[in-house]
Amino acid sequence: MQNRITELFKIEFPIIQGGMIWTSGWRLASAVSNSGGLGVIGAGSMYPDVLREHIQKCKKATSKPFAVNIPMLYPDIDKLMDIIIEEDVKIVFTSAGNPKAWTSFLKEKGITVVHVVSSLKFALKAQEAGVDAIVAEGFEAGGHNGRDETTTLVLIPSVKEKITIPLIAAGGIATGKAMLAAMVLGADGVQVGSRFVASEEASNHINFKEVVVNANEGDTHLTLKELAPVRLVKNKFYNEVQKAYAEGANTDELKTLLGRGRAKKGMFLGDLEDGELEIGQVSALIHDIKPAAQIVEEMMSEFNKRKAELSSL
Ligand SMILES: Cc1cc2nc3c(=O)[nH]c(=O)nc-3n(C[C@H](O)[C@H](O)[C@H](O)COP(=O)(O)O)c2cc1C
């Protein structure tokens, strides 16, 4: 398959595995890249030296293109950027911040830059900042998200109407039919997160993977909007957050409740009660843990099958 996204990244299929803290290390990223999609190392939960190690291991595990995701909330971002340059990373996905901050720096070094947004306003800012492509992520998505709750179904055509650079849809996409729907809405490719959390190569804890395959519709909620909005599984920690809201907690009290290391505790160490478990609404449609290559292959075969059936509608 060839389009603006496969050409931009020099990949076979326009399927991008979203960068994910505690989840997408070199194993997952290289498995996705080897299967024809684009694997993305999630640097947000890595110390600089750990990122370097993941990049080096990824290069050994695949000769195909891969990317690194850098959330701009990262405190020591300069150190991560130095490693990106030193290790000659060719594609960077920035997220959770101002696209103007690092785009020119990376572009001057010949790096392909993609920025993740959750609204049309930020899509326009990213295009203006000179990024090569945009990921537009709807309200359904796992992980951190926007405050406006715009769903993928509305966000993708809104962004498509106003931008000219390649557009990648994210949020709620775990199957070939959802990929086809996103592309009908105007996307050139898709970014998939939650589905790859339940993959064999994902580095998160097996307890968390099991929560994902057992999740039902309604089991997640976008919360903590005062800090950084995040979609969480409704576990004990989530219930404590809701109780704090009911008691009128202010931002500082919410920060104290969140504390440090909650995401690691839940997703990486497998503490299902006191940890933070980030996952998308689409977890309700994920019923098994499988190899990343099989996820890509099944998405593409369902995409092609459904595309062929469309003429009978
Ligand atoms: C466990 C988890 C961790 C995530 N971490 C990040 C991250 O570090 N940086 C980022 O830009 N997006 C992050 N995301 C968002 C994904 O990259 C992706 O855009 C999103 O999951 C797509 O929606 P979906 O979950 O419905 O597939 C995360 C998502 C999940 C589920």
Side-chain angles (χ1 to χ4, degrees), residues 14-21 23-24 37 40 42 69 71 93 95-96 114-123 134-160 167-199 202 204 208-209 211-225 228-235 238 241-242 263 266-267 276-288 295 298-299 302-303 306:
I15 298 178
I16 290 102
Q17 161 256 308
M20 293 182 280
I21 53 164
T23 299
S24 63
V40 183
N69 164 241
F93 282 53
S95 57
V114 183
H115 190 66
V116 184
V117 301
S118 56
S119 68
L120 171 61
K121 186 174 141 196
F122 281 96
I134 285 168
V135 175
E137 192 186 58
F139 172 65
E140 304 90 323
H144 288 96
N145 208 314
R147 291 184 170 76
D148 292 335
E149 307 198 351
T150 311
T151 60
T152 304
L153 200 67
V154 174
L155 183 63
I156 301 310
S158 309
V159 172
K160 179 66 185 178
L167 172 60
I168 299 160
I173 302 163
T175 59
K177 56 193 171 196
M179 175 179 169
L180 181 60
M183 291 178 78
V184 170
L185 292 173
D188 301 289
V190 293
Q191 172 162 297
V192 176
S194 297
R195 177 59 270 194
F196 286 113
V197 170
S199 69
N204 48 41
F208 178 39
K209 293 184 190 182
V211 166
V212 175
V213 298
N214 291 314
N216 293 310
E217 187 266 319
D219 283 356
T220 72
H221 183 218
L222 186 74
T223 188
L224 290 171
K225 284 190 179 178
V230 61
R231 181 171 292 286
L232 297 180
V233 172
K234 295 175 180 170
N235 66 351
Y238 166 85
V241 171
Q242 300 314 298
M267 298 193 283
E276 197 185 53
L277 304 174
E278 300 181 11
I279 203 71
Q281 288 186 345
V282 79
S283 52
L285 297 174
I286 298 169
H287 309 303
D288 47 13
I295 293 172
E298 287 177 3
M299 278 188 76
E302 190 186 51
F303 172 88
R306 293 289 172 135

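Every value quoted in this text rests on a predicted model; they were computed, and no experiment measured them. For the single chain, residues carry numbers from 1 onward in sequence order.
At least one donor-acceptor pair under 3.5 Å links the side chain of D219 to the backbone N or O of N216. The backbone N or O of G266 lies less than 3.5 Å from no partner atom in the side chain of E276, so there is not a single donor-acceptor pair. A donor-acceptor pair is defined here as one N or O able to donate and one able to accept, closer than 3.5 Å; no such pair exists between the side chain of K160 and the backbone of L155. With hydrogens and angles disregarded, a donor-acceptor distance shorter than 3.5 Å links the side chain of S24 to the backbone of G42.
The shortest side-chain heavy-atom distance between M20 and V40 does not fall under the 4.5 Å cut-off. You'll find the side chain of H115 stays beyond 4.5 Å of the side chain of V135, heavy atoms only. Within the 4.5 Å cutoff, the side chain of L232 has no heavy atoms near those of the T220 side chain. The shortest side-chain heavy-atom distance between F303 and M183 falls under the 4.5 Å cut-off. Taking the side chain as every heavy atom from C-beta outward, E278 and V230 approach each other to under 4.5 Å. L222 has its side chain within reach of F139: a pair of non-hydrogen atoms, C-beta onward, lies under 4.5 Å apart. At least one side-chain heavy atom of S95 sits under 4.5 Å from a side-chain heavy atom of N69. For the pair M299 and I173, the minimum side-chain heavy-atom distance is below 4.5 Å.
Judged by distance alone, the side chains of Q17 and S199 never bring a donor and an acceptor atom under 3.5 Å apart.
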Throw together a table of side-chain donor-acceptor distances under 3.5 angstrom for residues 184-194, partners on residues two or more places apart or in other chains.
residue, atom, partner, partner atom, Å
D188, OD2, R4, NH2, 3.2
D188, OD2, L167, N, 2.8
S194, OG, G280, N, 2.9

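Annotation: side-chain hydrogen bond (donor to acceptor under 3.5 Å, both in side chains) contacts involving residues 136-148, sequence neighbours excluded, comprise E140-T152.
One finds the CD1 atom of I134 at 9.0 Å from the CG atom of L120 (value rounded to the nearest 0.5 Å). Atoms CD and OG, on E149 and S118 in that order, are 11.0 Å from each other to the nearest 0.5 Å. Here the CZ-CD1 distance, from R231 to I279, works out to 11.0 Å after rounding to the nearest 0.5 Å.
Within a 6.0 Å sphere centred on NZ of K121, heavy atoms belonging to other residues, nucleotides or ligands number 12 at most.
We find that R195 and D288 are joined by a salt bridge, their nearest charged nitrogen and carboxylate oxygen being less than 4.0 Å apart.
Between A141 and G171, the closest heavy-atom pair is CB-CA, 3.7 Å. I156 and A169 make their closest contact through CD1-CB, 3.5 Å (heavy atoms, listed as atom of the first residue, atom of the second, distance).
Checked against a 6.0 Å centroid threshold, the rings of Y238 and H221 count as neighbours.
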Residues L180, E302; criterion side chain to side chain contact (heavy atoms under 4.5 Å, CB included); working and verdict: CA-CA 9 Å; L180 181 60; E302 190 186 51; over 6 Å; no
